Amino acid sequence: MDPMALVTPAIGLVFWTSVVFILLIFILKKFAWKPILDSVDKRNKNIEDALQSAEKAKKEMENLTADNEKILAEAKAQRDLILKEAREMKESLIKDAKEKATSEAEKIMDDTREQIHNQKMKAITELKNQVADLSIEIAEKIIKSELKDKQAQKKLVVDAMQDKHLN
Amino acid sequence: MTHNKNKLAALIFLFLCPLVSFSGDPKPLKEGEIYNPVPAIMHHIADSHEWHLWGEGKNSVSIPLPLILFCDGKLDVFFSSKFHHGKKNVKIEDREYALDHGHLIEVNNKEFVDLSITKNVASMLLSVLVLLLLFVGAARKSNKDKAPKGLLSFLEPLILFVRDDIVKPNIGHGYKKYVPYLLTLFFFILVNNLLGLIPAAANLTGNIAVTLVLSFITLIVTNLSGNKTYWEHIFNPPGVPLALMPIMIPIEIVGIFTKPFALMIRLFANISAGHIIIMSLISLIFMAQSGLGNAGAFGVAPVSVLFVLFMYFIEVLVAFLQAYIFTLLTSLFIGLATVEHH
């Protein structure tokens, strides 16, 4: 075999290689590279979008959590406020009730005391009157019995005169 | 010019295969003669009009391939089986074709154009079939909503490697319109490199005609993409004194052609060399047998097989590497021709 044959391009092979290779470029471009690369690029875009929306969702979740915490804090504050108010109201109610009860009791006591005093005064007056009546009666009886004796009458007058010393 | 080309070719050839001698058909060895592996190796490296599978002479089994010949303005089409492995001539009207040691001739020295489906063309068509089955099949399953599965999960990273790590960084802006061409180039070379490693297969990417076409397309694409800066660098190299222009401009013009020329030689030489080394290592067994007898053959065979196995791994690596380098350099040349500012 001629050694030059190895490095001498054969026209037939040049022709077929050109035809086949150029056709191959166009066929593969249309039926292989374009669909494959398109789907790869689209998939990459999808993945990127998915990652982005996940990131967005995460942020939204964070915001939501923050909101929730805020709402919770507000609710707590409100609860505390309500409780505080309630407590204050209770205290004031109790205080008022106590005051009212005390004043009522004092009033009742005062009334009672006054009544007792009045009753007492009435009783004392009555007693005085009865004592006076009794005294007059007793005195009448005593005088009646005393005046039976002349001597004793005289002495009584003297004593009475002596007692009314001056005035 | 032709003389120089032949000289260069001879140089390459001598470098690749220093023990070359060119005998014809294998003859029975004489007493004390050592087996000469060169014809068998050359036969394997070269293109052929039939696809030889196994066997020698009468027992050889081969696939007949169609011959398509233009002679005297007439088209002759017939199958290579009509030659009976070179033993018979084929006569059509006044044209008589013959196979002389696998080389097609016209007996009456008439000029003819040989557009036959040779072993290499058949192998190339086979590789096209493989490429279409692989990639069109994969493309039909590509889906933007799902992760790639099966074949596509293997091919997609390769495709993306070529696009994102070879084409994109080397061409830069505007790389997209070159992607289909460069992807096809990469996988065409890769598949043919790998197909060539199958026993009894053709040596397509180790054929100068194929690498010539591929590098010629690189040349055309590069220069058609060349922008103003590119041509300015060639015809008005910046910073070069006027006196040096007559030297620099021819150098730059030669440079346009040397880059694809290097691509052509690199792929051809690498793939052919791989085939030659593997064939030579196998031939060692036969050489040992003819020199030392059967004992010698049995002694050499394990070593030879181990080396061949090792070379096969290297060749698989080379198959990927050369496809990568060819695509990378083509991208680089296009990138250099389209770059906007220096």
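Naming convention: chains lettered A, B, ... in sequence-line order (proteins, then strands); numbering from 1 in each chain. Predicted model, so just to flag it, every value in this text is computed and none were measured. Any value given below was found using the heavy atoms of this structure, including those in side chains, with hydrogens, waters and symmetry copies removed.
- Atom NZ of A:Lys155 has 12 or fewer neighbouring heavy atoms from other residues, nucleotides or ligands inside a 6.0 Å radius.
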Side chain to side chain contact (heavy atoms under 4.5 Å, CB included) evaluation trace for B:Tyr181 with A:Phe26:
CA-CA 8 Å; B:Tyr181 159 56; A:Phe26 288 104; over 6 Å; no

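- Heavy-atom distances place both the backbone and the side chain of B:Leu183 under 4.5 Å from chain A.
- Heavy atoms closer than 4.5 Å to chain A are found nowhere in B:Leu155, neither backbone nor side chain.
- Taking CD1 from A:Ile11 and OG from B:Ser116, the interatomic distance works out to 12.0 Å, rounded to the nearest 0.5 Å.
- In this structure, chain A has a heavy atom under 4.5 Å from the backbone of B:Asp114, while its side chain stays farther away.
- Inspection of non-hydrogen atoms places A:Ile27, A:Leu28, A:Lys29, A:Phe31, A:Ala32, A:Trp33, A:Pro35, A:Ile36, A:Leu37, A:Ser39, A:Val40, A:Asp41, A:Lys42, A:Arg43, A:Asn46 of residues 27-54 of chain A under 4.5 Å from chain B.
- Remark: B:His103 NE2 is loosely packed, at most 12 non-hydrogen atoms of other residues, nucleotides or ligands lying under 6.0 Å away.
- At a 4.5 Å heavy-atom cutoff, the contact between B:Phe188 and chain A is made by side-chain atoms alone.
- The CG atom of B:Leu125 sits 10.5 Å away from the CG atom of A:Leu24 when rounded to the nearest 0.5 Å.
- With a 4.5 angstrom heavy-atom cutoff, B:Phe216 does not touch chain A via any of its atoms.
- Looking at B:Arg140, neither its backbone nor its side chain comes within 4.5 Å of chain A, counting heavy atoms on both sides.
- Looking at A:Val20, only its side chain comes within 4.5 Å of chain B, counting heavy atoms on both sides.
- From A:Leu6, atom CG reaches atom CD1 of B:Ile45 across 7.0 Å, with rounding to the nearest 0.5 Å.
- Of the residues B:Ile217, B:Val210, B:Thr211, the one that meets the side chain to side chain contact (heavy atoms under 4.5 Å, CB included) test with A:Thr17 is B:Val210.
- Summarising the local packing, CZ of B:Phe154 is surrounded by 12 or fewer heavy atoms from other residues, nucleotides or ligands at distances under 6.0 Å.
- Ranked by non-hydrogen atom pairs under 4.5 Å with chain A, the options B:Ala138, B:Pro148, B:Gly206 are led by B:Pro148.
- For the side chain to side chain contact (heavy atoms under 4.5 Å, CB included) test with A:Phe15, the passing option among B:Val121, B:Leu115, B:Val113 is B:Leu115; the others fail.
- Side-chain atoms of B:Val128 and A:Phe21, non-hydrogen and from C-beta on, never get closer than 4.5 Å to each other.
- The choice from B:Thr118, B:Ile159, B:Leu204 that makes the most heavy-atom pairs within less than 4.5 Å of chain A is B:Ile159.
- Ranked by non-hydrogen atom pairs under 4.5 Å with chain A, the options B:Ile117, B:Leu152, B:Leu160, B:Thr184 are led by B:Thr184.
- Counted within 6.0 Å of CD on B:Glu111, heavy atoms from surrounding residues, nucleotides or ligands total 12 or fewer; the atom is thus considered open.
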